Participant: 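Let me begin by handing over the structure; questions about it come next.
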There are 2 protein chains.
Amino acid sequence: MCEAMDGWRDQGFTSADCPVRDVVDHLGDKWSTLILSLLFIGPKRFGALRRAVPDISQRMLTQTLRDLQRDGLIERQVFPTKPPSVEYSLSALGMSLQTPLNALIAWAVEHHGAIREARARYDRAEAA
Amino acid sequence: MCEAMDGWRDQGFTSADCPVRDVVDHLGDKWSTLILSLLFIGPKRFGALRRAVPDISQRMLTQTLRDLQRDGLIERQVFPTKPPSVEYSLSALGMSLQTPLNALIAWAVEHHGAIREARARYDRAEAA
DNA sequence: ACACCTGGTCTCGAAAAGAGACCAGCAAAG
DNA sequence: CTTTGCTGGTCTCTTTTCGAGACCAGGTGT
């Protein structure tokens, strides 16, 4: 697809290592963006994240966190407390994502109404 | 999760109609972002999109386009040519997404290397 | 008559996600 | 001193989703 990236297409990206694919696919994990936006506020423990996103399964939370950690966006730190607690926090790389991601979130908030209207219109039209 | 959205949490969003969920989930469709980034360049026909993204199945392309259309981000126009051709283009709403989405794409391009390194580091560490 | 272009839809097997049980280790309650 | 609960996970099972590829209509070129 990097055919799309006007200025970037000449840099020799194939589908496989196209930055857009590589990065956006992960943000497209449905949960990743959500988790990141929570960590923008500050470090959170596993349980806190689970409570903050009630409809994520424990399994997916674990997996999402691991993926983000693997990509170097977040850091995992285990504290040897009585019930050992695990804290997740943004890495420097993760921090740098904050600005563009927040811009996107702001767009979402601003145009949410328009999208819901468009959806309703579409559904009404196809019902006929 | 809208607990996360500092300023927005008090506006009465539940999980169900939280703008972040509603919008980001769709961008998280893996293909949506890709298709949108192609349409930022200009209107494209179905076949052109399929050729531009070689590893998308026809089924998913159709579905992705329909979802984007439903959300009012793109418009579909049928031309009654000999083999009827269909052109997809951005709506005004879709246009407004261009700036924030491009910011994200720019981030992806800039930090792609760092992510790949982090990934390699992680994989090397867990292999031990 | 034949293959072929267009933009799709239908079916089927594989892969991924969700729900929920289960686990170890320790602490406080009873 | 047994029970209950908290911690952060993993394992299994079921449901959803996805990808590959066949098929379709209708017109055109050969």
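A, B, ... follow the sequence lines: proteins, then strands. Residue 1 opens every chain. Treat the numbers as computed from the prediction; the structure is a model and nothing was measured.
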Participant: Hey, does B:Arg50 reach any base, or is it just sugar-phosphate, or nothing, if we go heavy atoms under 4.0 Å?
Facilitator: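 Result for B:Arg50 = nothing.
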
Participant: Rounded to the Å, how far apart are B:Arg59 CZ and D:dC18 P?
Facilitator: 7 Å

Participant: Both A:Pro83 and A:Lys30 contact DNA chain C. Which one's nearest nucleotide lies toward the 5' end?
Facilitator: A:Lys30

Participant: For B:Trp31 and D:dG19, is the shortest distance between a side-chain N/O and OP1 or OP2 below 4.0 Å?
Facilitator: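 For B:Trp31, the contact criterion (side-chain N or O under 4.0 Å from OP1 or OP2 of D:dG19) is met.
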
Participant: Within a strict 4.5 Å, meaning less than it, do heavy atoms of the B:Phe46 and B:Thr62 side chains meet?
Facilitator: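 The answer is yes, as the side chains (C-beta and beyond) meet within the 4.5 Å cut-off.
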
Participant: For A:Trp31, run the side chain to side chain contact (heavy atoms under 4.5 Å, CB included) check against A:Leu61, A:Leu49, A:Ile56, A:Leu68 and tell me which one passes.
Facilitator: A:Ile56

Participant: In whole angstrom, give the distance that lies between atom CG of A:Leu61 and atom C1' of D:dG8.
Facilitator: 10 Å

Participant: D:dC18 P sits how many Å from B:Ile56 CD1, rounded?
Facilitator: 11 Å

Participant: Can you tell me if the side-chain N/O atoms of B:Arg66 get under 4.0 Å from OP1 or OP2 in C:dT9?
Facilitator: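 Yes, B:Arg66 has a side-chain N/O under 4.0 Å of OP1/OP2 on C:dT9.
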
Participant: Testing the basics here: between B:Leu90 and B:Phe40, what is the closest heavy-atom pair and its distance to 0.1 Å?
Facilitator: CD1-CD2, 3.2 Å

Participant: Rounded to whole Å, please give me the gap between NZ in B:Lys44 and P in C:dG7.
Facilitator: 14 Å

Participant: Categorize A:Gln58 for me: base, sugar-phosphate, or nothing, with a 4.0 angstrom heavy-atom threshold over every strand shown.
Facilitator: base

Participant: Which atoms form the tightest heavy-atom contact between A:Leu93 and A:Ser96, and what is the distance?
Facilitator: O-OG, 2.6 Å

Participant: Whole angstrom is fine here: how far is it from CD in A:Gln77 over to P in D:dT7?
Facilitator: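 One finds 18 Å between P of D:dT7 and CD of A:Gln77, rounded.
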
Participant: Under 3.5 Å, is there a donor-acceptor pair between the side chain of B:Ser32 and the main chain of B:His26?
Facilitator: yes

Participant: Looking at D:dC18, I'd like to know if its phosphate oxygens (OP1 or OP2) sit under 4.0 Å from a side-chain N or O belonging to B:Gln63.
Facilitator: yes

Participant: Which listed nucleotide (D:dG8, C:dT9, C:dA19) is nearest to the side chain of A:Ser57?
Facilitator: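 Of the options given, the side chain of A:Ser57 lies nearest C:dA19.
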
Participant: With the side chain of A:Lys82 defined as its heavy atoms from C-beta on, choose the nearest nucleotide among D:dT7, D:dG9, C:dC26.
Facilitator: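 Selected nucleotide (nearest to the side chain): C:dC26.
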
Participant: Scan A:Glu87 against the nucleic acid and name what it touches under 4.0 Å (heavy atoms): base, sugar-phosphate only, or nothing.
Facilitator: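 Here A:Glu87 touches no strand at all.
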
Participant: Rounded to the nearest angstrom, tell me the gap between atom CE in A:Met60 and atom P in C:dG18.
Facilitator: 5 Å

Participant: How is A:Phe79 classified with respect to the nucleic acid when contacts are heavy atoms under 4.0 Å: base, sugar-phosphate, or nothing?
Facilitator: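 No contact.
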
Participant: In whole angstrom, give the distance that lies between atom CG of B:Asp67 and atom C1' of D:dC18.
Facilitator: 13 Å

Participant: Rounded to whole angstroms, how far apart are CG on B:Leu49 and C1' on C:dG7?
Facilitator: 12 Å

